[in-house]
Engineer: 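Please read through the structure below; I'll follow up with questions.
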Number of protein chains: 2
Amino acid sequence: MLHQTITIKDIARELNISVSTVSRALRDTFDVSLETKQLVLEKAKELNYKPNFNARGLSQGKTNNIGIILPFITNYYFSTVITGIQKIAYDFNYNIILYLTNDSEEREKLIMSNLTLSGLDGILISTCASNYDHVHEVIGKGIPVVFFDRTNPLEASKVRQDDYNGAFEATSHLISQGFSEIAHITGPQDQIFTQNRLNGYLNALEHYGIPIRSEWIVHTGFSQECGSTDLQSLMSHCKKPDAIFAVNDRKAIGAMVQLKKENIRIGQDFGVVGFTNDPICTLITPTLTTVSESAFEIGRIACELLLKHIQKVNLPSKEVILPGELIIRESSMRTTLVD
Amino acid sequence: MLHQTITIKDIARELNISVSTVSRALRDTFDVSLETKQLVLEKAKELNYKPNFNARGLSQGKTNNIGIILPFITNYYFSTVITGIQKIAYDFNYNIILYLTNDSEEREKLIMSNLTLSGLDGILISTCASNYDHVHEVIGKGIPVVFFDRTNPLEASKVRQDDYNGAFEATSHLISQGFSEIAHITGPQDQIFTQNRLNGYLNALEHYGIPIRSEWIVHTGFSQECGSTDLQSLMSHCKKPDAIFAVNDRKAIGAMVQLKKENIRIGQDFGVVGFTNDPICTLITPTLTTVSESAFEIGRIACELLLKHIQKVNLPSKEVILPGELIIRESSMRTTLVD
DNA sequence: TTGTAAGCGTTATCAC
DNA sequence: GTGATAACGCTTACAA
C-alpha cells in the first residue's frame, strides 16, 4: 500500500463514470451536472484524493510554482520580503521555490540558465547582476519576471522602495541637526538602488549648499564589516567627517561599532543614519536613525503583480515605488543622552 | 516562437535517431555509445534544450523538489538553517519549496494536508504541532520526512542541537559567576526542545544544590516582547531573581531592555544568558552571553539525511544531535565594565 | 547499441 | 452532460 496514490481513474472506476467527467467535476467546469459533481467530490474526499501536479502541469503547461531568486535570506529585509511573497502565493495556491545567489552574478546566471523553466510559471528576482542577458532569455521564453528591491533598466515590472527620496530625507535630516561634514558609505557602484541613494545624498547636499567631497563617498560591500572598515578609512583622512549616511543599517552599525572603539560620541559628536529599519535599530545603543522600507509590502505587491502577469499574457509592465519613512532615533540627535 | 520549448523529440528528429536514445544519452546511461552521446549532448547544447521536470517527474514518480515547513524565516536561526539546506539541495539538483506555518499548528496541518505530495520527494520540517497525525499520514504515503530543530517522539530522522547540555552549561556558568537566584524564561510547555532546555536548567540547579523555585519558571511566547513582560512579572515577586537564563536570545534581549528601564546593571548585578548566538548578541550593550547553535550545519545535515532517505527507501531513521557551545560575553560577567 | 511502444495522471478535443 | 481518445515530454520495458 506504500506510495499508492489515488488518481482520478480510481474515482471514475468506483463511480462508474469516465475520467473526463471526474476531471470536469473536480475542476468545477460548467458542463457537468450538479449531481455528478457532488458525487465526485464526495468520493474524492472519501478516498483522500490529491491531484498530481506533475500531470496537471504537463498537460496544461503550468505548474503553480513561482521562483524567487535573491542574494540572501539571512537578513531582516529579504526574509520579510519573502514572508510577504509567501503570504500571497499561499493564498492563491502557488508554491514558492527559493534560489540563493549569494550576491554572486555568476551564480545568478548559472541558476537562471539551469532553471527548470518548465517548472516555473513566473519568477521574482532581486538581481545582483550588472547585465541582463540571462533575464532576457527567460523573458523571451514567455516566462513572466517581476523585479523587486534591486532594479534595472529592463522593460519589466518592478517593485521597489523610493531610494532617492529616502536618501534625500536622511541626508537633509543630518544637515538639519547641524552636521555638515557628511560622508556616505555604500555598496558597489553598479547597483541602481545604490546609485539612487547616492543621488539622494548628493542632491540633498547640493540643495543645502554643502560642498561635495568625492573622497567621502566610499563604495565597498554591504556587510557590517565593510561599515567598520569604511569608517576607519574615512577617519584616516586629514579632514574628517562628522556624520555618515550609510546605504543600509548593517553598514551603519558596523560604523557605529568602530566609532565606539575610537571613543567618538555617537549622536552628540557624530551623526549616523542607516537605511532599512531593521529591528536591530532599536536594540543597539544608541538607537539608530534610519529610513524604513516596507519589506513585507514589497513582497506582497511583487507577488500580486507576478500573478497578474501569469494570468494575463500581455499585461503591460508596471513599476511600483513604495515610499520610505525617515525614523529619527538617537544616533542622529545632538541632544541625545548617551548612556 | 513564444513559449516554444525544445524537447527531446526535436533533438531526435534533427539527429535522425529515436527519442529513447536521446533520453538515454542525456541521462548518461551505460547502454548508449559514446559517439551518439557526444552528438546528442552537442545538439542539446546547440538547441538550448532544457528538460521538462513535470514530464520527468510524471514518468519517474519523482520531482527533485523537497519541501521545507517551518514557523518563520525572519530570524537568524531559521534563515541560516534554510541557507544550509539550500546549499546541499542546490548541489544535488533539488529545488526547495518553502512553506511557513507562522507557528500555528492549525496552519501546519492545513499545509500538510493540502500538500501537493506528488510534487515533493521529501520534507524537512520544524514542527510547531503537539500531535503528529498529519506527519504520520505523509510518512505513511512513503514520503521521507526529516525533522530539524524542534523534535518530537516519532520514529523518524531528526537533526537538532543539544538543548539539554547547552542549558545545563548556561545555568552552571551563571552559578559559577556567583548568581544564585536564577530564573528561567521560556516558551510554551508542549515543545520538546523547550522541555530539554528547562531540564538542563533544573538539573544544573540541582547539581549545585540550589533550590528550585517554580515561580521563577515563566512559560510564555518566544518573542522579544515576551522577554520584557516575563522580566517585569518576575520582578513583581517579593523575592526577586538576580539572573535569568532565557530560552533564546530574543527573549534575553527583551529582558535586557526591561532591565535597563529598571536601571539594573546587567552583568554586574544581574546575569543574563540566552540561547542561539544570534549575531545581535555582539551588537547590543552589554554583549550577550549565549549558547551557540550550528544553524547552518543543522540545515546541511538535515538535507543530506533527507536526500539519503529519498535515495534509499528503507534507510533506518537516525537522530543527529549537534553540540552547542557556551559563548561567554559581558551580560553574565560580574567583572564586566559596562559603558 | 538502438528503436518501438506503453505508460505516468491530467486536460482538451472531439463525438455522441 | 458525458465518454472516448489524443496529447503533454519523458522514461522504460521489450524487441530488434
Side-chain angles (χ1 to χ4, degrees), chain A residues 3-41 43-44 47-65 93 115-121 141-142, chain B residues 3-41 43-44 47-65 93 115-121 141-142:
Chain A
H3 244 270
Q4 169 146 3
T5 42
I6 306 295
T7 73
I8 54 173
K9 280 187 189 166
D10 298 311
I11 299 178
R13 183 166 16 77
E14 295 236 350
L15 254 37
N16 249 315
I17 57 178
S18 75
V19 288
S20 33
T21 305
V22 175
S23 172
R24 278 188 278 255
L26 289 171
R27 279 173 303 135
D28 199 19
T29 60
F30 63 96
D31 56 350
V32 61
S33 78
L34 204 69
E35 199 182 3
T36 44
K37 194 188 296 181
Q38 287 295 345
L39 244 50
V40 169
L41 292 180
K43 184 58 80 179
L47 298 179
N48 195 20
Y49 165 80
K50 301 275 163 60
N52 181 317
F53 276 51
N54 278 317
R56 189 175 277 183
L58 184 57
S59 85
Q60 293 194 132
K62 72 182 307 253
T63 60
N64 278 40
N65 289 158
N93 250 295
L115 222 49
T116 143
L117 291 181
S118 51
L120 255 31
D121 291 349
K141 297 209 174 177
Chain B
H3 244 269
Q4 169 144 3
T5 42
I6 306 296
T7 74
I8 56 172
K9 280 186 191 166
D10 299 310
I11 300 178
R13 184 166 15 80
E14 295 234 352
L15 253 38
N16 250 313
I17 57 176
S18 75
V19 287
S20 44
T21 305
V22 175
S23 170
R24 280 188 276 255
L26 289 171
R27 279 173 303 133
D28 199 19
T29 59
F30 63 96
D31 56 350
V32 61
S33 78
L34 203 69
E35 199 182 2
T36 43
K37 194 188 297 182
Q38 288 294 344
L39 244 50
V40 169
L41 292 180
K43 184 57 81 178
L47 298 178
N48 194 20
Y49 164 80
K50 301 278 164 60
N52 181 317
F53 275 51
N54 279 315
R56 188 175 278 181
L58 184 57
S59 75
Q60 296 193 130
K62 72 181 308 248
T63 62
N64 277 42
N65 289 158
N93 251 296
L115 222 50
T116 143
L117 291 182
S118 51
L120 255 31
D121 291 349
K141 297 209 171 174

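Quick note on labels: first sequence line is chain A, next is B, and so on, each numbered from 1. Being a predicted model, the structure only gives us computed values, none of them experimental. These numbers come from the heavy atoms of this one structure, side chains and all, not from hydrogens, waters or symmetry mates.
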Engineer: Just to be sure I understand the geometry, which residues of residues 21-28 of chain A put a non-hydrogen atom under 4.0 Å away from DNA chain D?
Structural biologist: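 Nucleic-acid contacts, sorted: A:Thr21, A:Arg24.
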Engineer: Provide, to the nearest angstrom, the distance between the CD atom belonging to B:Glu35 and the P atom belonging to C:dT2.
Structural biologist: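 Whole-Å distance recorded here is 8 Å.
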Engineer: Find the distance B:Leu34:CG to C:dT2:P and express it as a whole number of Å.
Structural biologist: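 In whole Å, C:dT2 P lies 10 Å from B:Leu34 CG.
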Engineer: Mapping A:Leu58 and B:Asn16 to their closest nucleotides on DNA chain C, which lands nearer the 5' end?
Structural biologist: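 On the 5' side of the pair lies B:Asn16.
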Engineer: Taking CG from A:Leu47 and P from C:dG9, how many angstroms apart are they, rounded to a whole number?
Structural biologist: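 A:Leu47 atom CG is separated from C:dG9 atom P by 15 Å.
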Engineer: Tell me: NZ of A:Lys9 to C1' of C:dC8, nearest whole Å?
Structural biologist: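 Spelled out: NZ on A:Lys9 to C1' on C:dC8 is 8 Å.
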Engineer: Would you classify B:Thr7 as touching base, sugar-phosphate or nothing, given that sugar-phosphate means primed atoms plus P, OP1 and OP2, and contacts are heavy atoms under 4.0 Å?
Structural biologist: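 Touches sugar-phosphate only.
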Engineer: Between B:Ser20 and D:dT11, does any side-chain N or O lie under 4.0 Å from OP1 or OP2?
Structural biologist: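 Indeed not, no polar side-chain atom of B:Ser20 lies that close.
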Engineer: Any heavy-atom pair between the side chains of B:Phe53 and A:Thr63 that's under 4.5 Å?
Structural biologist: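 They are not in side-chain contact.
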Engineer: Can you find a pair of side-chain heavy atoms, one from B:Arg13 and one from B:Asp10, that are under 4.5 Å apart?
Structural biologist: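 Yes. Closest side-chain heavy atoms under 4.5 Å.
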Engineer: Counting C-beta onward and ignoring hydrogens, is there a side-chain heavy-atom pair between B:Val40 and B:Ile11 closer than 4.5 Å?
Structural biologist: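 B:Val40 vs B:Ile11: side chains touch.
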Engineer: In whole angstroms, how far is the C1' atom of D:dA7 from the CD1 atom of B:Ile8?
Structural biologist: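 In whole Å, D:dA7 C1' lies 15 Å from B:Ile8 CD1.
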Engineer: Using side-chain heavy atoms (C-beta onward) and a distance below 4.5 Å, is B:Lys43 in contact with B:Ile17?
Structural biologist: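 Not in contact.
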Engineer: Would a 4.5 Å heavy-atom cut-off, applied to side chains only, mark B:Thr5 and B:Lys50 as touching?
Structural biologist: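 Not in contact.
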Engineer: A:Val19 has a side chain; which of D:dG9, D:dG1, D:dT5 sits nearest to it?
Structural biologist: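 Of the options given, the side chain of A:Val19 lies nearest D:dT5.
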Engineer: Check this one for me: any side-chain N or O of B:Lys37 less than 4.0 Å away from OP1 or OP2 of C:dT1?
Structural biologist: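 No, no such contact exists.
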Engineer: With a 4.0 Å cutoff (strictly under), does any side-chain N or O of A:Ser59 reach OP1 or OP2 of C:dA12?
Structural biologist: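 A:Ser59 to C:dA12 OP1/OP2: no side-chain N or O under 4.0 Å.
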Engineer: With a 4.0 Å limit, can you tell me whether B:Arg56 has a side-chain N or O closer than that to the phosphate oxygens OP1/OP2 of D:dT11?
Structural biologist: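 For B:Arg56, the contact criterion (side-chain N or O under 4.0 Å from OP1 or OP2 of D:dT11) is met.
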Engineer: Just checking B:Phe30: base, sugar-phosphate only, or nothing, at a heavy-atom cut-off of under 4.0 Å?
Structural biologist: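 Counting heavy atoms under 4.0 Å across all strands, no contact is made by B:Phe30.
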Engineer: For the pair made of CD in B:Gln38 and C1' in C:dT1, what is the distance, rounded to whole Å?
Structural biologist: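 Going from CD in B:Gln38 over to C1' in C:dT1 covers 16 Å.
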Engineer: Take the protein atom CG of A:Asn52 and the nucleotide atom P of C:dT11, then report the distance between them rounded to whole Å.
Structural biologist: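 Nearest whole value for this atom pair: 10 Å.
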Engineer: Could I get the full list of salt bridge (charged side-chain N to carboxylate O under 4.0 Å, His left out) partners for A:Arg27, not counting sequence neighbours?
Structural biologist: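 Not a single residue meets the salt bridge (charged side-chain N to carboxylate O under 4.0 Å, His left out) criterion with A:Arg27.
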Engineer: Rounded to whole angstrom units, what separation is found between the NZ atom of B:Lys50 and the C1' atom of D:dC10?
Structural biologist: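 Atom-to-atom, B:Lys50 to D:dC10, this comes out as 17 Å.
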Engineer: Do A:Asn54 and A:Leu58 make a side-chain contact, defined as non-hydrogen atoms from C-beta onward lying under 4.5 Å apart?
Structural biologist: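 No, their side chains stay 4.5 Å or more apart.
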